[in-house]
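See below for the structure under consideration.
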Amino acid sequence: LIKGRERMAVDLKSEPLAPQCGVTIHDIRLAEAEGETLDAIRRAVFEHGVAVFRDQALSPEEHIELAKRWGGIDINNYFPLTDAHPEIAVVRKAAGQETNIGGAWHTDHSYDQVPAMGSILVARTLPPKGGDTLFAHMGAAYDALDEDTKREIEGLEAFHTADHVYKEGGIYAQTDIGGELRGQDLTTGATHPVVVRHPSTGRKLLYVNPSFTVTIAGRSRADSLPLLEKLFAEARNPQHHARVVWEPGTVTIWDNRTTWHNALNDYHGHAREMHRITLTGEKLAA
Ligand code: OGA
Ligand code: MN
């Protein structure tokens with residue numbers, strides 16, 4: 001029986017960003033979104049993986065309040081924070097820097113036992129051109145696997161860690177952004193099903209990613225790679241992707257269970273700065 005709350009569901013004015021992934025939502029002021037409207041936005045993010053909102057003029061305080069209304073904030077352990085707003089992680093590339101944050105396909109925080117639900121990313125400084133963010137829909141990627149592969153991964157789990165990325169001597173430490181990152185002494189690791197059910201939509205999603213998923217549980221790295229690479233290859237198929245082209249005032253909200261993302265590093269010589277608040281998630285299950 002559907003009771004009043006759902007029957008009164010708000011109709012959002014929206015259009016797809018790409019055939020399989022993403023949605024643009026119009027006529028919403030996120031600073032004021034709450035109640036039924038926020039529920040409708042949540043459903044759109046869970047289904048499409050990422051929602052784009054234009055012309056938001058969202059202040060840092062409004063950004064934080066929106067995340068709190070959404071359901072809670074996870075503080076990122078690695079990115080620089082500001083003293084004024086420790087809830088906000090600063091995703092910055094200076095004009096003179098080479099390496100960017102998030103410049104490879106990944107899912108934020110998949111190395112946590114209870115991975116973050118998603119993020120609210122606000123554009124603060126944009127390069128004149130480039131700096132788009134790609135998203136991949138992991139429900140579409142799962143659906144596109146052949147039946148043999150679906151059977152092969154049924155019931156498997158995978159191990160995720162960020163140690164090779166953020167630790168002393170890790171991937172970022174060897175680049176020109178290493179010095180700005182925190183948490184080099186942290187150790188992370190979590191095991192999740194290779195295929196999870198979205199906690200809200202129930203859709204089956206491929207939950208492995210090339211940045212943080214290092215092994216199939218119980219297998220060596222070498223024995224894990226062929227299967228992981230096969231799964232990654234399907235998710236890399238542009239059929240499942242969407243591209244967010246940022247403009248001043250653009251805000252995106254994405255779901256880390258439904259998507260991968262990849263920040264393109266194609267604007268050398270220009271600065272780019274984004275403000276990210278990471279949204280609390282829940283334990284994942286097959
Ligand atoms: C992130 C990230 C993407 C971007 O904040 O998690 O990957 O486009 N950023 O900056
Ligand atoms: Mn990211």
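Note that the numbering runs from 1 along the sequence shown for the chain. In listed order, ligands and their atoms are each counted from 1.
- In Asn100, neither the side chain nor the backbone holds a heavy atom less than 4.0 Å from any atom of ligand 1.
- Contact annotation for Trp105 and ligand 1: no heavy atom of the residue comes within less than 4.0 Å of the ligand.
- Of all N, O or S atoms in His261, the one lying closest to the Mn ion (ligand 2) is NE2.
- For the pair Thr133 and ligand 1, the shortest N or O to N or O distance falls below 3.5 Å.
- Taking the ring centroids of His160 and Phe212, they lie at or beyond the 6.0 Å cut-off.
- Atom 3 (C) of ligand 1 has Ala263 CB, 3.6 Å as its closest protein atom, hydrogens excluded (heavy atom only).
- Note on residues 16-55: pairs passing ring pair (Phe, Tyr, Trp, His ring centres under 6.0 Å), not counting sequence neighbours, are Phe46-His198.
- Listed by number with element, the atoms of ligand 1 under 4.0 Å from a non-hydrogen atom of Asp108 are 6 (O).
- Here the closest non-hydrogen pair linking Gly130 and Tyr267 is C-CD2, 4.4 Å.
- Distances below 4.0 Å separate heavy atoms of Val91 from the following atoms of ligand 1: 5 (O), 10 (O).
- One finds no salt bridge joining Glu273 and Arg124 here, because no Lys/Arg side-chain nitrogen approaches an Asp/Glu carboxylate oxygen to under 4.0 Å.
- No hydrogens or angles considered: nothing links the side chains of Trp105 and Ser211 as a donor-acceptor pair under 3.5 Å.
- Around the Mn ion (ligand 2), the angle linking His106 (NE2) with Asp108 (OD1) is 90°, rounded to 10 degrees.
- Interatomic distance, CG of Asp27 versus NZ of Lys13, reported as 4.5 Å (0.5 Å rounding).
- Comparing Arg276, His261, Met274, Arg272 by heavy-atom distance to atom 4 (C) of ligand 1, the nearest is Arg272.
- Every atom of ligand 1 is numbered from 1 in the order shown, and the set under 4.0 Å from a heavy atom of His106 is 7 (O).
- Here Tyr111 and His109 bring their ring centres to under 6.0 angstrom of each other.
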